[in-house]
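Taking it in order: structure first as structure tokens, then the write-up.
Residue numbers start from 1 in every chain, and the chains themselves are labelled A, B, ... in the order their sequence lines are given, proteins ahead of strands.
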2 protein chains.
Amino acid sequence: MEKVKPRTLTGFMELLPAEQIEFEKILSVLRSSYEKYGFYPIDTPVLESAEVLFAKAGGETEKQVYRFKKGDTDLAMRFDLTVPLAKYVALNYNELNFPFKRYQIGKVYRGERAQKGRYREFYQADIDIIGDEELSILHDAEIPAIIADILNNLGIHNFKIRMNNRKLLGGFFEINQLADKVEDILRVIDKLEKIGTQKVVAELGELGVDEATAQIILDFVGIEGTTAEKLTAAEQFAGKSELFDKGLEELKTLVESVAAMGMSEENYMLDFSIARGLDYYTGTVYETTITDHPEFGSVCSGGRYDNLAEFYTDRKLPGVGISIGVTRLFTVLKETGFFNFDNTSPIQALIVPMTDNINYCIKAMSALRSSGVKVQTYYEDKKFKKKMNYANKINVPYVIIIGDDEIAKDMVALKNFETGEQKVCTVEEAAKIILA
Amino acid sequence: MEKVKPRTLTGFMELLPAEQIEFEKILSVLRSSYEKYGFYPIDTPVLESAEVLFAKAGGETEKQVYRFKKGDTDLAMRFDLTVPLAKYVALNYNELNFPFKRYQIGKVYRGERAQKGRYREFYQADIDIIGDEELSILHDAEIPAIIADILNNLGIHNFKIRMNNRKLLGGFFEINQLADKVEDILRVIDKLEKIGTQKVVAELGELGVDEATAQIILDFVGIEGTTAEKLTAAEQFAGKSELFDKGLEELKTLVESVAAMGMSEENYMLDFSIARGLDYYTGTVYETTITDHPEFGSVCSGGRYDNLAEFYTDRKLPGVGISIGVTRLFTVLKETGFFNFDNTSPIQALIVPMTDNINYCIKAMSALRSSGVKVQTYYEDKKFKKKMNYANKINVPYVIIIGDDEIAKDMVALKNFETGEQKVCTVEEAAKIILA
């Protein structure tokens, strides 16, 4: 028979089994953190009507999307989880209770030119809190708490959640007579860390911002000190712009509530240079960097917006949310040697039968499973060495050898595969040791 | 702004939040059962090269597939999880340890004409055990044990796993001089329950099977009695066909091992009429019916095959596996009122602040979360009645009311929302009661 060469498309992550176990652990941490904070799971289709999906999008995004026709239907694969959320909330408005808190973890698709670290299919894990007409600023403080919960549960403790407020920045530009250029300036400021002050001044110049004003902006976004010191420094600009004052007030409430959440000051800071390029955001914005790996960039970003679903409904639906690029996070963590794939076994114990009485082995296995032990039996008729080789390759912590001697005593031989220690005991004892 | 009407494509399931919680519970049961039995998770892309995906497919399947070009690349969305598994095993052969046990839960796509109960996007949950060149028949006994574990954990106790062996059937047709028509006859027998004996005789007639022989076949596939009685009845045909004898031997081993697994006879039976239409299967075959709802048909089917990946590799990779159509299972269970969506809350407790001291509420919430309680605070500035109405709508079991009186005593008021009982206690006590 002629064979087709098996291959996986470029830009599509497909992990080996031991790697997948670690990836699933991340998904599991995300699910349990999101649920602890009261978010409903939702699951929207990967395919949507192109008309619905492109209600808002345009330009660069649209070019990247996998869009095609099936019969007369114009279809597209989702490129994020935000547009499907907007559709979902607009569609099910009457069935939902607001504030509506949802999480969604799923694959999204972008047919970009493939490059290192860029995927065409990747997991996003989004949470959003949506209000009906209004949404208390206090919700904004939940977001850093959730980020911290997730990262701590993943075993990442050195991280910094950087927070800012778009109203504060916009207001500051207003004060400096730049009200008509706010969006453009924000996009330049967003690049500060990447391109440096010199280029930012140059790009601001192209926008018609003179050098002196550019310096005022750079001084403001570069304000240093403790959280309290930064707020005091910002205070000196108060009273000149309603927008600025509102932003400052929101930031103060945010900081106070985050402290009440019990978060360590080590893990969050105000950073007036955080802008988030997207027009979408209108209040609090977040970025999260892993301290030991600033080169990862932000692993978790988001913010507050005024209007989730304006392309589908007249209702004003403000919200606050974040997105974690799980596939990218996994990839960068893997590159730093964060995971130990050698400690990854699908089971806790492997039963190795050295007897013809296979039913005894099956019964022992069933009893272990009932006790909650992840276990399987090596059923193949191979030499002992080959069986042990399999146990070694899948990195199983315990091997249970069952021969006629053990059966005669109604026992099993439990071998700790790391220490080599072996002990003849009952199945119940074995379960206890394995689960200890 | 002109609005786009929000809608979800026909044939694409999108659940309301409370329904989604129940759906996620099913996924969670599947994952934990599969893992208990030693299966590795794997995750393959939704999109594959059309050449790779269609290495085997053809005819009806190919017509249903979502296939399209992006630039010069001919792409297709996966229509099952078996072809991606074959690709995965052929591609990663050198990195895998055999027997290789994997589970995959994911969405698959079939652009069929939409009809009741048929989805264009739906979840499959597959497990397969793959051998290298050979695979012990003992693995076949794990399959019914896993099915039973899953259904019991879902709260479905009245079910029957019906098992047969394609070699036994094929051998029986050989004995009756029908060796050249085995596949065709199997496809007719597969329809027995649906179309009845009369139509089966007619269809067999079209295949050139005379009425007397058709009756012999019907008598055989209709053999009744206990498992032991059925095996004894089959025994009388032994010695006439190697294939039949091999099938009978495999069935005996299967039945013996299934009994050793401790499975209740209530939950499995031999049924010589189970054929599974697909050419693919070569040994054990399984179907699972829910006793109270035979109209669901089989909710979990599968079997043994000789060659997983013959379109990609010369290596012989025999396996045994099953597939659960999760979306369909959810839909039929929902229709029978199996789920109580009114008992579905995203949280265990809602904090209702009746004070301006919101930080006290946040601190109480953080303490509860640290204790493992799923909790959120109702932050919106609304009347008490409105807050309670929200609690009622999301069906939360406990409400924690915090007013200045409680704060003065460093306490909270815990209200059981079902019984109406209310108690002033510390946050620690509240956590204990909620988690009890």
Side-chain angles (χ1 to χ4, degrees), chain A residues 1 3-4 6-9 12 14 16-17 20-21 24 35-49 51-52 55 66 68 70 87 90-92 95 97 107 111 121 136 138-139 257 260-262 310-313 346-347 358-359 362-363 366 369 374 376 379-380 390 393-394, chain B residues 1 3-4 6-9 12 14 16-17 20-21 24 35-49 51-52 55 66 68 70 87 90-92 95 97 107 111 121 136 138-139 257 260-262 310-313 346-347 358-359 362-363 366 369 374 376 379-380 390 393-394:
Chain A
M1 187 186 292
K3 308 294 175 195
V4 171
R7 64 195 171 87
T8 298
L9 293 165
F12 289 71
E14 191 173 72
L16 288 171
Q20 189 66 41
I21 285 184
E24 297 289 325
E35 287 172 9
K36 200 193 315 174
Y37 282 76
F39 289 81
Y40 276 110
I42 76 163
D43 186 11
T44 66
V46 166
L47 277 181
E48 299 272 5
S49 147
E51 186 203 25
V52 169
Y66 291 100
F68 60 94
K70 173 92 181 164
K87 179 210 74 174
L91 185 60
N92 299 303
E95 311 292 329
N97 302 303
K107 288 175 169 180
E121 176 187 72
S136 164
L138 293 163
H139 291 285
S257 310
M261 294 265 174
E310 58 181 330
F311 296 86
Y312 304 119
T313 174
I347 46 173
I358 200 76
N359 284 347
I362 293 176
K363 281 175 191 161
S366 294
R369 282 177 180 161
K374 294 184 193 175
Q376 70 178 76
Y379 289 124
E380 311 312 299
Y390 177 84
K393 276 187 174 165
I394 65 168
Chain B
M1 186 185 292
K3 309 293 175 196
V4 172
R7 63 194 173 87
T8 298
L9 293 165
F12 289 70
E14 191 173 72
L16 287 170
Q20 189 66 40
I21 286 183
E24 297 290 325
E35 286 172 9
K36 200 194 315 176
Y37 282 76
F39 289 80
Y40 276 109
I42 75 163
D43 185 11
T44 66
V46 166
L47 277 182
E48 299 271 5
S49 148
E51 185 202 26
V52 168
Y66 291 99
F68 60 95
K70 173 94 180 160
K87 180 212 72 174
L91 185 59
N92 299 302
E95 310 293 329
N97 302 303
K107 289 176 168 181
E121 176 187 72
S136 165
L138 293 163
H139 291 285
S257 310
M261 294 264 174
E310 58 181 331
F311 296 86
Y312 304 119
T313 173
I347 45 172
I358 201 74
N359 285 347
I362 293 177
K363 281 176 192 160
S366 294
R369 283 177 180 161
K374 294 183 193 175
Q376 69 177 75
Y379 290 123
E380 310 314 299
Y390 178 83
K393 276 188 176 166
I394 66 167

If I measure from the heavy atoms of chain B, does [X] come under 4.5 Å with its side chain, its backbone, both, or neither?
X        : result
A/Asn97  : both
A/Lys70  : side chain
A/Tyr390 : side chain
A/Glu24  : side chain
A/Lys107 : side chain

For chain B, which candidate among [options] shows the most heavy-atom pairs at distances under 4.5 Å?
options                              : value
A/Ile394, A/Thr313, A/Ile347, A/Val4 : A/Val4
A/Asp43, A/Ile21, A/Val46            : A/Asp43
A/Gly262, A/Gly38, A/Pro41           : A/Pro41
A/Arg369, A/Glu310, A/Lys374         : A/Arg369

Considering all heavy atoms of both residues, which atom of [X] and which atom of [Y] are nearest to each other, and what is their separation?
X        : Y        : answer
A/Glu121 : B/Leu47  : OE2-N, 4.2 Å
B/Ser257 : A/Asn359 : CA-OD1, 4.3 Å
B/Ile42  : A/Gln20  : CA-CG, 3.8 Å
A/Pro45  : B/Thr8   : CG-CG2, 3.8 Å
A/Lys87  : B/Arg7   : CD-O, 3.2 Å
B/Leu16  : A/Glu95  : CD2-CB, 3.7 Å

| task | Answer yes or no: are there more than 12 heavy-atom neighbours, outside A/Lys3 itself, under 6.0 Å from its atom NZ? | result | yes
| said: Within the structure provided, determine whether B/Pro6 and A/Val52 are in side-chain contact (heavy-atom separation under 4.5 Å). | reply: no
| message | For the backbone of A/Pro346 and the side chain of B/Glu35, can you confirm whether one donor and one acceptor N or O come within less than 3.5 Å of each other? | response | no
| query | Within the distance-only criterion (no hydrogens, no angle test), does the side chain of A/Glu48 pair as donor or acceptor with the backbone N or O of B/Leu9 below 3.5 angstrom? | reply | no
| query | Side chains of A/His139 and B/Gln376: do they bring a donor and an acceptor to under 3.5 Å? | reply | no
| Who among B/Gly111, B/Ser49, B/Ala90 has the most heavy-atom pairs with chain A under 4.5 Å? | B/Ser49
